[in-house]
Structure formats: structure tokens, C-alpha cells
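Predicted model, so just to flag it, every value in this text is computed and none were measured. Values reported hereafter were calculated over all heavy atoms of this structure, with side chains retained and with hydrogens, waters and symmetry mates removed.
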Amino acid sequence: MPEGHTIHRLALDHRSRFEGERVRVSSPQGKFTGGAALIDGQVMTGAEAHGKHLFLGFGPDRWVHVHLGLFGKLGFGAAPAPPPTDTVRLRLANPSAYADLRGPTTCALITDAEKHAIHDRLGPDPLRPGDDGTRAWQRISRSRTTIAALLLDQKVIAGVGNVYRAEVLFRHHIDPYRAGRDLTRAEWDALWADLVFLMAEGVRHNRIDTVRPEHLPEAMGRPPRVDDHGGEVYVYRRAHMGCHICGSEIRTAGLAARNLFWCPGCQPGTGGG
DNA sequence: ATTCCATGATCAG
DNA sequence: TGATCCTGGAATC
């Protein structure tokens, strides 16, 4: 379930368990055996995230670059580590803890230069201290592409995925099909600030919650609700259900190869038509 | 037992 | 735009 908040959380989780310590590194599945051998027994010197990319540092000029893709998962446990199953791409272990990586799109050993190249091709990340939305605005304000597509473009802004895109556009009453260049600077500044807030909350709670307190079911006089993906949301995966605010039927459509969700009542516009 | 689907991204055409 | 890669849980037969 990886959007940017998940990856930043994973960087924290790696630091708390492994930073400054020697780590046994292996690839039970075999697809990273060569890389694992080169860092096995080295000290983990740091862990950081940029958007959906995770970087685990092992001494000068050596990083394990991990991208979970859609299916990847990292699972932590206390030592002793159980025998790994055959899908574990990467296992890290020290005397007190272990971490298993499965199903990533990327797990590769890279250099500082290669890491820099990745940072360079990513847009600003709402979760990276010091990043701000100005660079993203420069692209968005000149683009005829829909804001919904731009939010998923990691070159424009790094870390936003399908849930945050749908939810942040709902929270700001923006029709997902509006062209980037038709947004005002004030609208973009508000979107960016809200992503900074929402994604930091996501790191803290390790899940995506976007519903304002006054709109929670108990505050609205409705029975408590449980969304099947674990967080409280307004529109994501709520196609054909009633909007919590205005009651309109939530709509869905494919956009940028993903399922988009929005409320035609709260986010008025052409709706793509 | 089999198919479908997912909070991602790349590459070919 | 479509095919493809990665995994696992839910839905469907």
C-alpha cells in the first residue's frame, strides 16, 4: 500500500532498527544475491525517502534503491528471523530485528551519482523538509494536462498516489479534469499545503485518513464506517455510493491508467465531458 | 481452482 | 493506449 507516506515511514523504521549497526543482507529469492553479497555485514549508515523511492545507505557511495511498485511490501519482525519464504527479495537482519522485502519493482545497489540522478528527475516531495511546491507550480501552471494526471506524475510532485490525488482534489472542491494551467496560484498553494499536512499525518498513523473531524460519521449522526483499505476517506473507492457531504453519487473513471474517483456535486465542472 | 484486482511505473508502438 | 513486471488477498466459478 505504498504512497509517499508509507515510504517515509519505512525509512524511519529502518533507521530505528538498523542505523549504525552491522546488518546481515541476503536475497533468499535469489534476484538480488549479487548486490546483497556486496553489502552483507556492512553498517547501515542511513535511510531516506524521496517520493515513493527508498534509499538504504551502506557506507560511502553505496545505496540499496528500493521501489515497492504496486505490490511490494516490507515486513518487520523481532529476531530470531524465521526461515524466509521463497518470495523474499531482500532480507536485512541484526541481532534484534529483521526486515523482509517482497515484490518490489526495484531493488538494486546504486552509487551516489545514480542516487542523485533519481532525485533530479523527481519533483518536490511534500514530506521532504525544505521542499516546496513552487517547482511543481511552474509545470502545472503551464500544462494543458488535467490536474488529476499531473498529481500522479512523479516528475511534477513526488509521493502522491491514487488515494491522495482523489482525496486532496475532493477536499479543495476541484474538478479532476481541469487543466493544470486553469488552476489559480492560490488553489495550488492550498493543495500543496494540504498534502504536506495529510501526508505527515499519514506517516504518523501509517494509514491514509483525509476526512475532517466534523465530517466523521459520528459527527454527522451516522453509524461508524469502516473503509476496506483501512483509512477514512471521502471518495476513494466509493464509486456509486453517496457523498458524505452532499449525497451525490460518487463517480469513477479511468485516468492516467488508474481509477479516478470524485464527487460531481462537491467538485463541479465538466467532469471530463 | 481460477480469475480479478490493487495506494506503481516503464516500455513499445 | 496497451502489454508487461512484481505479489497476495478477495471474489468468482
task: Please state the P separation for the pair B:dA9 and C:dG9 - nearest whole angstrom.
output: 22 Å
- line: Shortest non-hydrogen pair, A:A49 vs A:A11, comes out as N-CB, 4.2 Å
- prompt: In whole angstrom, what separates A:N259's CG from B:dG8's P?
  reply: 11 Å
- request: Could you check whether A:F71 and the base of C:dT7 form a stacked pair, meaning centres closer than 5.5 Å and planes differing by less than 30°?
  value: yes
query: What heavy-atom pair brings A:V168 and A:D194 nearest, and what distance separates the two atoms?
result: CG2-OD2, 3.9 Å
All N/O contacts under 3.5 Å from nucleotides 10-13 of chain B to the protein, with atom names and distances to one decimal?
none

- request: Quick one: sort the A:Y234 and A:H215 rings into parallel, tilted or perpendicular, breaks at 30° and 60°.
  value: perpendicular
- request: With heavy atoms under 4.0 Å as the rule, sort A:I208 into base, sugar-phosphate or nothing.
  value: base
query: Are any of A:Q29's side-chain N or O atoms less than 4.0 Å away from OP1 or OP2 of C:dC6?
result: no
task: With P as the reference atom in both, quote the distance from B:dC4 to C:dA3 in angstrom, rounded to an integer.
output: 14 Å
- prompt: How many Å lie between CG on A:D209 and P on B:dT7, as a whole number?
  reply: 17 Å
query: Taking CG from A:N206 and C1' from B:dT7, how many angstroms apart are they, rounded to a whole number?
result: 12 Å
- prompt: When the P atoms of B:dC5 and C:dG2 are considered, how many whole Å apart are they?
  reply: 15 Å
message: So, does A:Y236 get its side chain near the phosphate of B:dT7, meaning an N or O under 4.0 Å from OP1 or OP2?
response: yes
- prompt: What's the CZ-P distance between A:R237 and B:dT7, to the nearest Å?
  reply: 6 Å
Mutual orientation of the aromatic rings belonging to A:W137 and A:W188 [parallel < 30°, tilted 30-60°, perpendicular > 60°]: parallel
- request: Report the distance from atom OH of A:Y236 to atom CZ of A:R165, rounding to the nearest 0.5 Å.
  value: 10.0 Å
field: Gap between atoms CG and P, on A:L152 and B:dT7 respectively (whole Å)
entry: 10 Å
Shortest non-hydrogen contact between A:C266 and A:F170, atoms and distance: CB-CE1, 3.8 Å
message: Can you measure A:H50 atom NE2 to B:dG8 atom P for me and round it to whole angstrom units?
response: 16 Å
Short side-chain N/O contact from A:T87 to OP1 or OP2 of C:dG8, under 4.0 Å: yes
- prompt: What nucleotide, of C:dC6, B:dA6, C:dG8, holds the atom closest to the side chain of A:R102?
  reply: C:dG8
message: Would you say A:H67 places a side-chain N or O within less than 4.0 Å of OP1 or OP2 belonging to B:dA9?
response: yes
task: Whole angstrom is fine here: how far is it from CG in A:D153 over to C1' in B:dG8?
output: 13 Å
message: On the nucleotide B:dA9, are OP1 or OP2 found under 4.0 Å from the side-chain N or O atoms that A:Q154 carries?
response: yes
- request: Ignoring backbone atoms, establish whether A:K52 has a side-chain N or O less than 4.0 Å from OP1 or OP2 of B:dT7.
  value: no
task: Look at atom CZ of A:R15 and say whether more than 12 heavy atoms of other residues, nucleotides or ligands are closer to it than 6.0 Å.
output: yes
- request: Taking only the side-chain heavy atoms of A:T105 (C-beta and beyond), determine which of B:dT7, C:dG8, C:dC6 contains the nearest atom.
  value: C:dC6
- request: Under 4.0 Å between any heavy atoms, over every strand shown, what does A:K31 touch: base, sugar-phosphate, or nothing? Just pick one.
  value: sugar-phosphate
- prompt: To the nearest angstrom, how far is A:L70 atom CG from C:dA3 atom P?
  reply: 17 Å
Verify same cluster id: A:V64, A:L74 (apolar side-chain graph, 4.5 Å): yes
- prompt: If you group Ile, Leu, Val, Met, Phe, Trp and Tyr by side-chain heavy-atom gaps below 4.5 Å, do A:M199 and A:V156 land in one group?
  reply: yes
- request: Report yes if at least one side-chain N or O of A:R258 is closer than 4.0 Å to OP1 or OP2 of B:dT7; otherwise report no.
  value: yes
message: If I pick the C1' atom on B:dT10 and the same atom on C:dG8, what distance separates them, to the nearest angstrom?
response: 22 Å
